[in-house]
Structure formats: structure tokens, C-alpha cells
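Read the structure below first, then the notes.
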Amino acid sequence: MNLDSLGDWVRTYYSSNVTPDMDGSEVTLFGWVQEVRDLGGIRFIILQDREGTLQVTIPKKRVAPEVLAKSDVLQKRFSIGVKGTVKKTNMTPRGIEVIPSEIRILNIAAEQLPIDITGKTPANIEVRLDARALDLCMEQNAAAFRVQHHALAAIRDFLFGKGFLEVHTPRIIASATEGGAELFAVDYFGQKAFLAQSPQLYKEQLTMSSEKVFEVGPFFRAELSHTRRHLSEFVSVDVEEAFASAEDVMRLLEQVIQYTCKAVSEKCSKELAALKYRATVPEIPFKRFTYDEVLADLKSEGVDIPWGEDISTEAFRVLGKERGYYYFITDWPTHSKAFYIKPKDGKPELCEGFDLMWRWIELVSGGTRISEKALLMERMKEKGLNPESFKYHLQAFDWGMPPHAGWAIGLERLTMVLTGKKNIREVALYPRDQMRLTP
RNA sequence: GCCCAGGUAGUAUAGUUCGGUCUAGUAUAUGCGGCUGUCGCCCGCAGGACCCGGGUCCGAAUCCCGGCCUGGGCGCCA
């Protein structure tokens, strides 16, 4: 088939911007054929673009022969341009249709597509991910990423407003951030290096100059976690603030979450409708439960966890049933948290680390950090880490490290909460996990 | 890493319990034909599949063994 070129055509409207009051006006549209319905004497072409769909109507006896000939060969996913006249009508859901005066076929597509893009026969997640570029052409599958976009824009907006500086720390590092086991090794000019699992140490160091920093970026964990809420490559929203405590950054966090939920509910009504999900804006402050309180609650629910042990996923699910909202868990046993979390003054078996939960999912973790070098080294040793391999980090603590605190949001997990998706792979464009490295 | 479950047309599934009208059904998609107001259009026709290898048996989609692949759960974590 001979393809047409774009020529001098310029899009005048997205499909969603064509409205009934434009009756009679000329438009130039670009997009893809989503569906062709041919009734014999009349043919309907559903044109899809980024913003939605619109009906191109071809009364076969009343359009130019060239237009009819072009429309004869159209198939699903053909990339086309349409010049035509807007017609107000009560026979389409949108109240408009476009009668074409010229159609340009810009590219063709395979007759048999690997997934059903009309959604009549939904494909399984692994089939969809194998054909992800096509999968994302379906509005309900792309919607989560538009929600994520607006959520991240809101987070940035809020943090900028609070004076945070956006920074970029290395992805290629020489030693482990929190321990060794779960890092991906890479060859760095013959030297052994790793993909960063977190910007933790760098963002802490940056508090001694920039004071309030945040970073948004991908991090890598080689954990053999085969669940619906783990990825090997995920996006973290990391915040660190000088002269602040856990309580300070918890207050910041709940404001960020509330602001983000508000932005999503205001800007993403179309996306949420496509997702069949309702956004809620949570009240703040979020409830705070100590680790001890959570253990007591669990005991009354019949789940017995010995003090000091981690709360199992099963136990979190029990908690999540009672608490269908955002809540903090504070005052964790010191040994259960990372070495850089500050033990409580006068009660060193507990620490100033916290988790923000949504139902049973851990969304955010954070805490007050240790700013005193000797204590930090001591905690490293308790965790079986060798301070020598952290010497470049530790030296910063000789140069005026301020007291500081921070947190990290799992962006995909937040997107799950905001979109109601039950599998994290739905909210990563090209998810990476234990089983998947392609596409 | 450990524990479950599962691989049937492009997609989604029925059939597997208890081997035999299964020449493998259905929906959707695809191709061809018909239809002037569809919007999950409709109607007719056609082509299209039992993951791979081995075994048991008169006979295997179905039972057994091995492999490969996938989904889910646990621990860990965001």
C-alpha cells in the first residue's frame, strides 16, 4: 500500500476538543483507527488520539470517491490524518461527527493484533506486557500513567513551594547503601560496581549544604520478591531535610499526600472514570500508631507477634481490614530498621523510624537519621556492615552533619493507591521483575 | 530462595475429575460476502489451537516422568 505523507498538514484539534458549537467548521485531525463499523451504505470510523475518540462518518454516496477509496482499506490501528467538516448530531455520544473531505493513511498495521484493543476480550497481564506499546493505546491502561503524571507534578509543586531543591545522585555506586545482598552488580571499567538501591546516603550528605532536597528517580533491587507490589526497578520519591525530626517530615509527608490526592481528584476525572475508580482526599493529620499499639491490636485480633519481630504481610492484611485509610506506624524496634535510623533518646531499643501505610501496603518509610558519626558506626557494626566500606559517607559526618530526617515514597505503590490497581506491573510502563527483563 | 497453581486458535475460555461421538466447543479477533445511523452494530461463510520431549495404553488435550514458560503467595521491602 502506498502511504501518504504528512505534507503540510498541521493538527488543529485533538478529538476531545471538537465540540457541537464547532458545527460546520473545518478541522485537521491525526490519530489511529480504533474501529471501523461498516453498515453498507454508511461507514463509521472511530478515530482515536491521545485525548480520546471521535467518529468520522462516511455516507458512501455523498463523499468524494478518493475519500471512499481511502476509507475502504482502513483497518484497526492504521495511523491516519483526517481533514473534514464538523457536524453537530444527536446520533453520537459526543454530539458531533466529522465528515471527511480528505483522508491520509500515514501507516498501516498488522491485520491480527496480539491483544484485543476494543477491550471485548481482555488479555492477561503477561500477554499485555509483552505487547505493552499496543496495550497502552487502550485508554483504561494509559489512564494510570496520566494519574501518575499529575500526582508527581503535584508532589514536585508542593515540595518546590516548601523550598526543596531537586537533586540527582548517582545510579552507579561502589558500595551498598543498606547492606549487600540485594544489589545488581555492574562492570565499571573493570571495577566492580552496583546499581543504587536508594539515594539514602547521598541525600543525607546533601542536607549539610542544601538543607532541603528531594530526588525522583529509578532505583534497583535484586530481591527475589515475586509479589504484586514489588519491582526490581522502581521509582522513588526521596526527601531529606536538615534540622528536622521524624515528626517534622511526617507532617510534611501527610501534606504532600493530601495535596497530591486533591490534585488527582481535580485534574484526573476522565482518567479515574476510565479506571472506574473514585479518588478520595484524606483528612490530615493521619492517625499514628506505635509499633507496640499495633502489636496489641493484632493480639486482640488473634494474631500474636512476639515483640521485636517484623509485622508479617498476613498481619498487615488484618490491620488493613480495620484501617481502610492512611496511617503511620512509629516507634519501631531499632534493630528492625536500617542502620541510619536514629534510636530514641533514653530508649535506644526503639527508634524514630516510621512507615506510612495504606491499608496493608507500605507506601513510605522514613525517620530521623543518625547524625553522630560514632553512633552511626556502632549501628553499622550491629548490622554486620563494615564501616570501612562506607568511609566516603562517614567522612561527611566530620564536616558538620546537621540533625536531619526524611522519607521515600514508592511512586508505583502510590499510583496503585491512587488508581485502585491491584498489580504494580499495571502502573509501571515497562516493569522489571524477577521474571521479566523485556520488552 | 521457598511454597502453591497453571500452560488448549491472535485473545479469552470450555473440555482434564473417572483416557474413548473431541473429527476439540464457545466468545471475540481475522479474511470474504451482505446491510444507510452504528456506537460491545447485526447477519452469513471461511481459515485458525491441545507448550516441548519421553513414557504407559488398543487408544492421551486428559494419566506418569523430565524440561521450558507463566501467574500467585511467603520472606524482604518502596
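Within every chain, numbering begins at 1; the chains are lettered A, B, ... in the order of the sequence lines, protein sequences first and strands thereafter.
Distance NE2 (A:His230) to P (B:C76): 10 Å, rounded to an integer number of Å. Rounded to whole Å, the distance from CZ on A:Arg221 to C1' on B:G1 is 18 Å. At whole-Å resolution of the value, CD1 in A:Ile99 and C1' in B:U38 are 13 Å apart. Nucleotide B:C32 holds its P atom 7 Å from the CD atom of A:Glu111, rounded to whole Å. Atom pair A:Gln75:CD and B:G10:C1' shows a separation of 14 Å (rounding to whole Å applied). As rounded to whole Å, 15 Å separates atom P of B:G10 from atom CD of A:Glu126. In this structure, CD of A:Gln434 is placed 10 Å from P of B:U70, rounded to the nearest angstrom. Going from atom CD1 of A:Ile361 over to atom C1' of B:C74 covers 16 Å, rounded to whole Å.
Look at A:Asn124 and you'll find a side-chain N or O under 4.0 angstrom from OP1 or OP2 of B:A12. Taking side-chain N and O atoms only, A:Arg37 has no distance below 4.0 Å to OP1 or OP2 of B:C39. Regarding contacts with the backbone of B:U70, every side-chain N or O of A:Arg425 stays at 4.0 angstrom or more from both OP1 and OP2.
Of all nucleotides listed (B:C74, B:G73, B:G10), B:C74 comes nearest to the side chain of A:Arg229. When the nucleotides B:G37, B:A29, B:G71 are ranked by their closest atom to the side chain of A:Lys120, B:A29 comes out on top. For A:Thr313, whose side chain is taken as the heavy atoms from C-beta onward, the closest listed nucleotide among B:C39, B:C76, B:A78 is B:C76. Among the nucleotides B:C77, B:U11, B:C41, the one closest to the side chain of A:Thr121 is B:U11. Each of B:G10, B:G71, B:G37 was ranked by its minimum atom distance to the side chain of A:Gln112; first place goes to B:G10. Nearest to the side chain of A:Leu224, among B:G71, B:G75, B:A27, sits B:G75. With B:A78, B:G37, B:C39 as the candidates, the nucleotide lying closest to the side chain of A:Glu97 is B:G37.
Partner assigned to B:G6 is B:C69, using Watson-Crick or G-U wobble distances below 3.5 angstrom. The partner of B:G1, taking Watson-Crick or G-U wobble pairs whose two distances both stay under 3.5 Å, is B:C74. As the counterpart of B:C45, B:G31 is assigned, both hydrogen-bonding distances of the Watson-Crick or G-U wobble pattern falling under 3.5 Å.
Going from the C1' atom of B:C3 to that of B:A14 covers 29 Å, rounded to whole Å. For B:G1 and B:G75, the C1' atoms lie 9 Å apart once the distance is rounded to whole Å. Only the P atoms considered, B:G7 is 10 Å distant from B:U13, to the nearest whole Å.
Take the nearest nucleotide of RNA chain B for A:Glu314 and for A:Asn423: the residue whose nucleotide is more 5' is A:Asn423. Residue A:Met435 is the one, among A:Met435 and A:Glu362, whose nearest nucleotide of RNA chain B lies closer to the 5' end (criterion: closest heavy atom).
Scanning atom types as modelled, one donor and one acceptor separated by under 3.5 angstrom connect the side chain of A:Ser225 and the base of B:C76. Between the side chain of A:Arg413 and the base of B:C77 there is at least one donor-acceptor pair of N/O atoms closer than 3.5 Å. No hydrogens or angles were tested; on distance alone, a donor-acceptor pair under 3.5 Å links the side chain of A:His226 to the base of B:G72.
A stacked arrangement is not assigned to A:Phe44 and the six-membered base ring of B:G37, the conditions of a centre distance below 5.5 Å and an interplanar angle below 30° not being jointly met.
Between A:Phe354 and A:Phe286, the gap from one ring centroid to the other reaches at least 6.0 Å.
Between the side chains of A:Lys83 and A:Ser101, no donor-acceptor pair is found at a separation under 3.5 Å. In this model, no donor atom of one side chain and acceptor atom of the other lie less than 3.5 Å apart for A:Glu352 and A:Ser245.
At least one test fails for A:Arg323 against the ring of A:Tyr325: distance under 6.0 Å to the centre or angle within 45° of the axis.
For the residue pair A:Trp407 and A:Val364, the shortest heavy atom distance occurs at CB-CG1, 3.7 Å.
Among the protein residues, A:Ser312 comes within range of the sugar-phosphate backbone only, with heavy atoms under 4.0 Å from sugar or phosphate atoms but none that close to a base.
Between the A:Asn423 side chain and the A:Arg425 main chain, a donor and an acceptor come within less than 3.5 Å of each other. The closest donor-acceptor contact from the side chain of A:Ser389 to the backbone of A:Asn386 lies under 3.5 Å.
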